[in-house]
J.: 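Submitted below is the structure of interest, expressed as structure tokens.
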Amino acid sequence: MPLSWNEIRSRALAFTKEWADESSEEAEAKSFWDDFFNIFGISRKRVAAFEEPVKKLGDRQGFIDLFWKGVLLVEHKSRGRDLDRAYTQALDYFPGIAERDLPKYVLVSDFARFRLYDLEEDEQHEFALADLHKNVRLFGFVAGYQTHKIQEQNPVNIRAAERMGRLHDQMKAVGYDGHPLEVYLVRILFCLFAEDTGIFERQQFQDYIEQRTGDDGADLAHHLGTLFHVLNTPPGKRLTNLDEQLAAFPFVNGKLFAELLPPAGFDRAMRQALLDCCALDWSRISPAIFGSLFQSIMDKQARRNLGAHYTSETNILKLIRPLFLDSLREEFERIKNNRNRLFEFHKKLRQLTFFDPACGCGNFLVIAYRELRLLELDVLRASRDPRQQLLAVHSLIQLDVDQFYGIEIEEFPAQIAQVALWLMDHQMNQLVSEEFGLYFARIPLQSSANIVCANALRIDWNEVIPAEQLNYILGNPPFVGAKFLDDAQRADVAQVFDGIKNGVLLDFVAAWYVKAARMIQGTGIRCAFVSTNSICQGEQVGALWSWMLAQGMRIFFAHRTFQWNNEARGKAAVHCVIVGFAAEDIQPKWLFEYEQIKGEPQRMPARTINPYLVDAADVIINKRSEPISCVPIMKFGNQPIDGGGLILSPEAKEEFLSSEPEAGKFVRLFLGSVEFLNNIKRYCLWLKDANPGELKLHPKILERLQAVRDFRLASNREATRLLAEIPSQFAFVSHEDVEYIIVPSVSSERRQFIPLGFMPANVIASNLCLIIPRAGLYEFGVLSSSMHNAWMRTVCGRLKSDYRYSGGIVYNNFPWPENPSVKQQETIEAAAQAVLDARAQFPDASLADLYDPLTMPPALLKAHQTLDRAVDTAYGRRDFKSEAERVAFLFVLYEQYVQRLPVTKGNKKKEKSSPDADSFLQAGSD
């Protein structure tokens with residue numbers, strides 16, 4: 001057990017007095033360093049050797065003054081000698097040192113001065129011998145204290161995963177696999193962490209392997225099995241004649257080493273791989289990412305894309321701060337000067353419980369525990385009597401890992417979550433030891449987190465922790481779209497969504513919302529989940545939140561759409577929201593708005609947060625068959641369902657017309673979203689109202705019509721087979737021979753504005769576009785404005801992360817300016833024409849290029865800004881400060897407009913008779 005810092009400082013002061021005599025000679029250096037290690041209660045002989053031989057560059061023999069393998073190299077000079085040269089000499093030894101034995105620190109000294117180099121943090125510290133007691137914490141690594149800066153992207157994390165991955169692969173290759181391998185690796189990981197963080201003696205695990213096992217690795221499994229047994233055995237029950245080196249290991253408990261595993265087998269390379277793991281400084285790995293980091297060990301592909309396997313601490317804090325941490329911190333600030341209230345507050349912290357029903361490797365629980373322990377540390381600081389030299393922290397630390405509960409469907413992550421919480425507990429105990437000068441460790445383990453390996457959608461959550469004992473539910477349930485569920489997942493959600501109208505539309509994550517809502521009804525439990533933003537957009541809002549609101553759920557904080565941090569190459573960014581809700585109305589409410597999707601949020605107070613994560617009334621935008629404003633009707637484009645028989649590429653068109661030039665009048669330009677946005681040419685045979693006799697004169701047309709007929713007859717859908725009777729016609733026709741506005745049904749989320757356009761009557765729009773026949777510049781201007789685009793971004797659905805425009809949801813529910821004056825309409829029309837004119841300045845540029853935020857021409861951006869001012873004026877507002885404010889304003893208008901609508905009996909029937917956007921997109925070919 002490390003000495004207290006008070007004791008270490010006292011010994012350091014005595015050391016400086018003893019060695020302050022300027023007559024100290026180089027011959028006394030060995031005594032000097034023996035006494036130096038004694039400051040920390042460490043026997044130099046046990047860990048470090050004098051005059052360690054090493055081969056320098058050029059095969060020259062060298063001798064290191066003092067060498068602690070893998071930790072410290074000391075170069076000692078006579079008083080007054082050049083320490084820069086001493087450091088250079090120390091580095092000259094490195095080529096002759098095995099990689100796993102390279103030191104993490106270099107210390108040079110001349111009796112009067114110390115200079116310490118931290119090679120991994122790239123820091124150096126220099127001070128006089130007389131000031132050693134003031135700087136003694138720099139040598140915490142000698143005593144067993146570790147005070148590293150933990151970094152999420154620290155390269156040691158990657159090296160650790162790679163080295164453990166090699167060991168995993170080697171063990172698996174010899175046939176040690178499945179559950180035994182997972183448990184074995186968890187135990188090794190614990191031992192590696194333990195010897196670098198003070199649970200074991202420094203390098204105790206590594207020394208045991210190096211000193212007691214043969215180089216060929218043949219006896220390594222036997223020794224590890226014995227060690228695991230010793231770690232699970234209390235000292236009083238161990239053999240009285242147990243090997244002294246084994247007996248020095250502490251009793252761990254916690255059931256980590258309880259299970260009897262089948263014997264493993266090692267060879268020379270595998271032993272070397274384990275020692276390579278020992279060479280890393282595991283104290284630098286944050287337990288917050290410990291779990292996810294090593295889950296990737298089990299999968300080579302996951303190992304290559306390590307960043308995909310853990311949630312950044314920044315994102316976790318976005319959830320836990322507004323869920324509970326901010327309010328606890330605020331309460332602490334109010335009462336920190338009142339010792340009696342601090343005592344009650346401390347008791348309250350101990351009684352809090354936390355539950356992650358999709359905990360994975362425990363990231364959210366680990367960070368939540370860390371933040372609570374940091375708060376507890378502040379409580380102890382505030383409670384401390386300044387007259388007390390020492391504080392009995394053993395009895396004062398109350399928070400423990402048994403306040404945390406989780407469900408995880410896979411066994412290995414569930415085990416890792418439990419171990420990660422233990423490791424965080426130990427790390428926080430070290431911090432307390434640092435603060436109060438007394439070493440504090442919970443070994444043997446007395447408490448453990450309550451992590452259940454089960455299917456969260458099948459198990460009753462009250463079996464894990466009864467609702468009456470629970471305070472907070474939190475986590476990051478899996479992101480799987482409704483259309484991408486496998487059979488097992490569909491079966492899981494079917495029983496969760498039973499009784500919820502349109503539950504089949506919901507993404508996988510929604511099942512956790514539903515189960516949480518059922519659990520927290522009638523309680524004060526607060527809940528927050530990270531989710532894909534799809535559950536707060538489009539049709540899923542109606543399916544999920546109509547039910548949630550009916551159960552009494554109310555949102556009390558939310559992060560609007562932001563980009564999930566993901567450092568892995570080749571992994572698509574995920575757009576997420578965080579939703580905090582409860583079965584009661586909680587004040588204050590906070591809305592976190594992102595001006596840039598990758599940027600930092602701005603926190604704004606809100607009166608009500610609705611399911612679209614807007615400060616507005618709890619309104620659900622359902623699909624409508626007609627607009628709520630007096631505007632032209634929006635239609636779906638034209639769908640062929642032809643197997644390509646009616647569609648012509650530019651090359652096919654040229655070939656077709658070269659053989660049948662008279663058929664040119666039947667060929668029309670045919671645009672889907674991709675073609676419209678990217679200036680791609682595609683054509684179709686448009687045979688509506690064509691004379692059958694004339695068609696018979698064109699063999700190439702007949703050949704294509706036969707192909708369409710055959711394709712439709714082969715379909716599994718009866719409706720498609722019926723269409724085989726009219727192969728010359730598109731499956732769905734909405735085209736009118738008039739000019740129209742074309743709206744791409746899918747558009748990149750990077751664009752500030754969905755690009756719209758006017759199309760002449762002879763151009764056919766596919767089902768991957770929407771059309772507004774007979775619309776003019778006024779309609780074009782309003783639909784191209786920031787008002788409409790803000791509405792669209794809030795209520796539309798998503799295809800992956802791209803905007804998916806819907807006539808029934810977005811257009812028909814959009815509240816247009818009410819009774820704009822003639823002048824206001826003319827101003828909008830003029831501004832709309834200016835947008836078209838700005839585009840025309842770049843005739844060779846596609847709309848995708850023009851509306852890319854990186855390449856949008858200033859003239860076009862300025863035209864849109866002018867248009868926005870004109871449209872805002874028509875709404876009677878010109879002072880919107882954010883998109884959220886625009887949307888909140890539009891929701892108020894929406895409520896007003898809907899209340900004035902006549903109640904009609906046919907709205908739902910009309911909706912059923914209208915083609916459905918999903919059916920078009922699922923049909924495949926346009």
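Excluded from the calculations below are hydrogen atoms, water molecules and symmetry mates; all remaining heavy atoms, backbone and side chain alike, are included. Worth saying up front: this structure is predicted, and the values here are computed from it rather than measured.
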J.: Please check: side-chain N/O of Q540 versus main-chain N/O of D507, any donor-acceptor pairing under 3.5 Å?
T.: yes
J.: Check whether any side-chain N or O of Y811 sits under 3.5 Å from a backbone N or O of L770 as a donor-acceptor pair, and report yes or no.
T.: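 No: the side chain of Y811 does not pair with the backbone of L770.
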J.: Going by side-chain contact (heavy atoms from CB on, under 4.5 Å), L319 matches just one of V579, N476, I578. Which one?
T.: I578
J.: Backbone N or O of R526 within a donor-acceptor pair of the N471 side chain at under 3.5 Å?
T.: no
J.: Are the side chains of I535 and F529 in touch, meaning some heavy atoms are under 4.5 Å apart?
T.: no
J.: Is there side-chain contact between Q537 and T561, with at least one heavy-atom pair below 4.5 Å?
T.: yes
J.: Taking the side chain from R560 and the backbone from T794, do they hold a donor-acceptor pair closer than 3.5 Å?
T.: no
J.: Name the one of W512, Y405, W461 that satisfies ring-ring contact (aromatic ring centres under 6.0 Å, His included) with F355?
T.: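 One option only clears the test, and that one is W461.
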J.: Could you grab the distance from atom CZ of R518 to atom CG of D460, nearest 0.5 Å is fine?
T.: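 The CZ atom of R518 sits 11.5 Å away from the CG atom of D460.
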J.: What do you reckon, is CZ of R554 surrounded by more than 12 foreign heavy atoms closer than 6.0 Å?
T.: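 Counting neighbours around CZ of R554, more than 12 heavy atoms of other residues, nucleotides or ligands fall under 6.0 Å, so yes.
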J.: Can you check side chain to side chain contact (heavy atoms under 4.5 Å, CB included) on V186 and F412, steps first, answer last?
T.: CA-CA 8 Å; V186 171; F412 185 59; 3.4 Å; yes
J.: Any chance you could lay out the side chain to side chain contact (heavy atoms under 4.5 Å, CB included) test for N789 and R793, step after step, and finish with the verdict?
T.: CA-CA 6 Å; N789 278 275; R793 274 187 282 273; 3.8 Å; yes
J.: So, the side chain of Q563 versus the backbone of K598: is there a donor-acceptor pair under 3.5 Å, distance only?
T.: no
J.: Show, in sequence, the C-alpha distance, side-chain angles and deciding distance for E371 and L317, and conclude whether the side chain to side chain contact (heavy atoms under 4.5 Å, CB included) test is met.
T.: CA-CA 9 Å; E371 294 300 312; L317 289 169; 3.9 Å; yes
J.: Hey, are the side chains of D852 and R750 touching, using non-hydrogen atoms and a 4.5 Å cut-off?
T.: yes
J.: Got more than 12 heavy atoms from elsewhere within 6.0 Å of CD, Q596?
T.: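 12 or below, so no.
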J.: Donor-acceptor check, side chain of D177 to backbone of K172, threshold 3.5 angstrom: yes or no?
T.: no
J.: Okay, side chain of K501, backbone of S546: is any donor-acceptor separation there less than 3.5 Å?
T.: no
J.: With rounding to the nearest 0.5 Å, note down the distance linking CZ in R624 to CG in N813.
T.: 5.0 Å
J.: Taking the six-membered ring for Trp, are Y594 and H559 parallel (under 30°), tilted (30 to 60°) or perpendicular (over 60°)?
T.: tilted
J.: Might you point out which heavy atoms bring I809 and V795 nearest each other, and give the distance in Å?
T.: CG2-O, 3.4 Å
J.: Once rounded to the nearest 0.5 Å, what's the spacing between atom CG of D402 and atom OG of S448?
T.: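 Nearest 0.5 Å value for the CG-OG distance: 7.5 Å.
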J.: Take a 6.0 Å sphere around CD of E259 and say whether it holds more than 12 heavy atoms from other residues, nucleotides or ligands.
T.: yes
J.: Are N767 and P640 packed together at the side-chain level, in the sense that at least one heavy-atom pair is separated by less than 4.5 angstrom?
T.: yes
J.: Might you point out which heavy atoms bring A358 and P477 nearest each other, and give the distance in Å?
T.: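 Nearest pair, atom of A358 first, then P477: CB-CA, 3.8 Å.
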J.: Using modelled atom types only, decide if a donor and an acceptor are shared between the side chain of Q495 and the backbone of L457 within a distance under 3.5 Å.
T.: yes
J.: Which heavy atom of S766 sits nearest a heavy atom of G672, and at what distance?
T.: OG-CA, 3.2 Å
J.: So how far is it from N363 CG to N315 CG, rounded to the nearest 0.5 Å?
T.: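 Going from CG on N363 over to CG on N315, the span is 11.0 Å.
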J.: Going by heavy atoms in the side chains, are C769 and S673 under 4.5 Å from each other?
T.: yes
J.: Would you kindly say whether S747 and Y851 are connected by a side-chain donor-acceptor distance under 3.5 Å?
T.: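 Checked: S747/Y851 side chains show no N/O donor-acceptor pair below 3.5 Å.
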J.: How far apart are the closest heavy atoms of I320 and A368, and which atoms are they?
T.: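 In this case the closest contact between I320 and A368 is CD1-CA, 4.0 Å.
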J.: Going through the checks in order, is the ring pair (Phe, Tyr, Trp, His ring centres under 6.0 Å) test met by Y176 and Y184?
T.: CA-CA 10 Å; Y176 203 78; Y184 209 95; 5.5 Å; yes
J.: Can you confirm whether more than 12 heavy atoms, excluding those of Q602, are under 6.0 Å from its CD atom?
T.: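 No - once you tally the heavy atoms of other residues, nucleotides and ligands closer than 6.0 Å, there are 12 at most.
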J.: To the nearest 0.5 angstrom, please state how far the OG atom of S715 sits from the CD1 atom of I641.
T.: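 So the gap between those two atoms works out to 8.0 Å.
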J.: Got Q415 and H179 here, is their nearest side-chain heavy-atom distance under 4.5 Å?
T.: yes
J.: Could you please spell out the steps behind the side chain to side chain contact (heavy atoms under 4.5 Å, CB included) verdict for W547 and L506?
T.: CA-CA 12 Å; W547 183 88; L506 295 174; over 6 Å; no
J.: Centres of the H788 and Y803 rings: under 6.0 Å?
T.: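 That pair fails the under 6.0 Å test.
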J.: How about CG on D487, more than 12 heavy atoms from neighbouring residues, nucleotides or ligands closer than 6.0 Å, or not?
T.: no
J.: Any chance the rings of Y612 and F891 have centres within less than 6.0 Å?
T.: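 Aromatic pair counts; centres sit under 6.0 Å.
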J.: Are the side chain of R751 and the backbone N or O of A848 linked by a donor-acceptor pair below 3.5 Å?
T.: no
J.: For residues F732 and G637, report the shortest heavy-atom separation together with the two atoms involved.
T.: CD2-O, 3.2 Å
J.: Quick one: pull up CD1 in I409 and SG in C359 and give me the separation to the nearest 0.5 Å.
T.: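 It is 11.5 Å, given to the nearest 0.5 Å.
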J.: Report yes if some heavy atom in the side chain of E595 is under 4.5 Å from a heavy atom in the side chain of E883; otherwise report no.
T.: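 Side-chain contact under 4.5 Å: no.
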J.: Under the side-chain contact (heavy atoms from CB on, under 4.5 Å) test against F354, which residue among I465, I473, L323, L372 passes?
T.: L372
J.: For the residue pair L365 and L421, what are the closest heavy atoms and their distance?
T.: O-CD2, 3.8 Å
J.: Aromatic rings Y513 and F581: how do their planes relate, parallel, tilted or perpendicular, breaks at 30° and 60°?
T.: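 Parallel.
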J.: Got L470 and T523 here, is their nearest side-chain heavy-atom distance under 4.5 Å?
T.: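 A side-chain contact is absent here, since even the closest heavy-atom pair is not under 4.5 Å.
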J.: Measure from the side-chain N and O atoms of D615 to the backbone N and O of T608, and report whether any donor-acceptor pair falls under 3.5 Å.
T.: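 Indeed, once roles are kept as given, a pair shorter than 3.5 Å links the two residues.
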J.: Quick check on E718: does its CD atom have over 12 non-hydrogen neighbours (other residues, nucleotides or ligands) under 6.0 Å away?
T.: no
